[in-house]
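Report on the following structure.
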Amino acid sequence: MSILVNLDNMLEKRNMKSNELADIIGITTANLSILKTGKAKAIRFSTLEAICMALDCQPSDILEYVED
Amino acid sequence: MKKVALILRWLIILFSLRLVYLFGRQIWYVIQSYLNGTVEKHVFFGIKIPDDFTQTGFLIVSVVSCAILIYLFFLLYVFRKVIQGLIKNQLFISENAEQLVKISKGLFFFGVVLFLIQFVLRMTQSFPAVAVNKGLAYSASYDLGYKIGVTINLLLSNGFPIFIYALFIFIIAKLIKEGNLLKQENDLTI
C-alpha cells in the first residue's frame, strides 16, 4: 500500500498509549490496531479529525504517501 | 433471509431425494433390461429413447445419465454450503461467489451434456420422411436441413433454459464477489 499511517510515531511523540487514544476518539482498540498496521482500506474524515484533535497534529503528520 | 434460506434448504433436501429416486430407477431399468431384455422408453429428464434402440446403447445412455445425476447431486451439495452461509447471515463472502461460479459452470456443462445426449438420440432415430418418400429423404439437402432444424429445436427447447439459469447464477456470483469487496472495504473503514 502506498499510503503509510505513522500513528505509532505520533503516539510516541505525544507520549500516549494506543488504548488512551482509542478512548479519546471513540473507536475500539481493534480498529485502531487495524489503522496502525495499515490494514485499513479507508479512514473517515470524522476519525481523522478526532485523531488530529487528540494528538494536536495535522493529517500530514499521520498519513504519508510513498511510491511502490 | 433466514426463513428463505431454511425453505431453500428443505427444497434442496427434496431435490436430493428426487435425484436419489431417479438414480435408483435408472439402475432398476438397467437391471430389468438385462433380465427381461426390455428397453425403457424414457431416461432421466424426459429424454426419449428411440423404439429401435439397442440394449448396449441403452446401457451407455444409462451410465451417462447416472454420472450426470451424481454430478447434479454434487452441485446440490455445493449449493447447500451457500445456503448454510445464508442461514448464518453470511451472503457476501468470497466462498459463496466461488461456489456459485462452480454451480453455474456445472449447470452449463449439464446443459451441454443434456443437449448432446438428445442430439445423438434424435440423430439415431429413423426419420419419418424416409418411409414416405425415400428419394426425397435420401437427398442430402433435405437431410442436412432436417438435422439443422432438429438441432436448433433442441437447443431452444432443452438446453437453452439451463444455459440461461447458468448465466443468471454466474451473474449472481459476480455480484456477490463485488459485494464482498464492498463489504470488506466498508468493514475496514475506520
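Only heavy atoms go into these numbers, but all of them, side chains included; no hydrogens, no water, no symmetry mates. Predicted, not measured: the structure shown is a model, and the values here were computed from it.
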A:I34 portion near chain B, given a 4.5 angstrom heavy-atom threshold
side chain

Above 12 or not: heavy atoms from other molecules or residues under 6.0 Å from CD of B:E178?
no

Between atom CG of B:D187 and atom NZ of A:K41, what is the distance when rounded to the nearest 0.5 Å?
11.0 Å

Whether over 12 other heavy atoms sit under 6.0 Å from B:Y71 OH:
yes

Verify the neighbour count for atom CZ of A:R14: are there more than 12 heavy atoms of other residues, nucleotides or ligands below 6.0 Å?
yes

More than 12 heavy atoms from other groups under 6.0 Å of CE on A:M16
yes

In terms of heavy-atom contacts, B:T189 and A:R44 come closest through O-NH1, 3.7 Å

I'd like to check A:I27 versus B:I190 (side-chain heavy atoms, cut-off strictly below 4.5 Å). Are they in contact?
yes

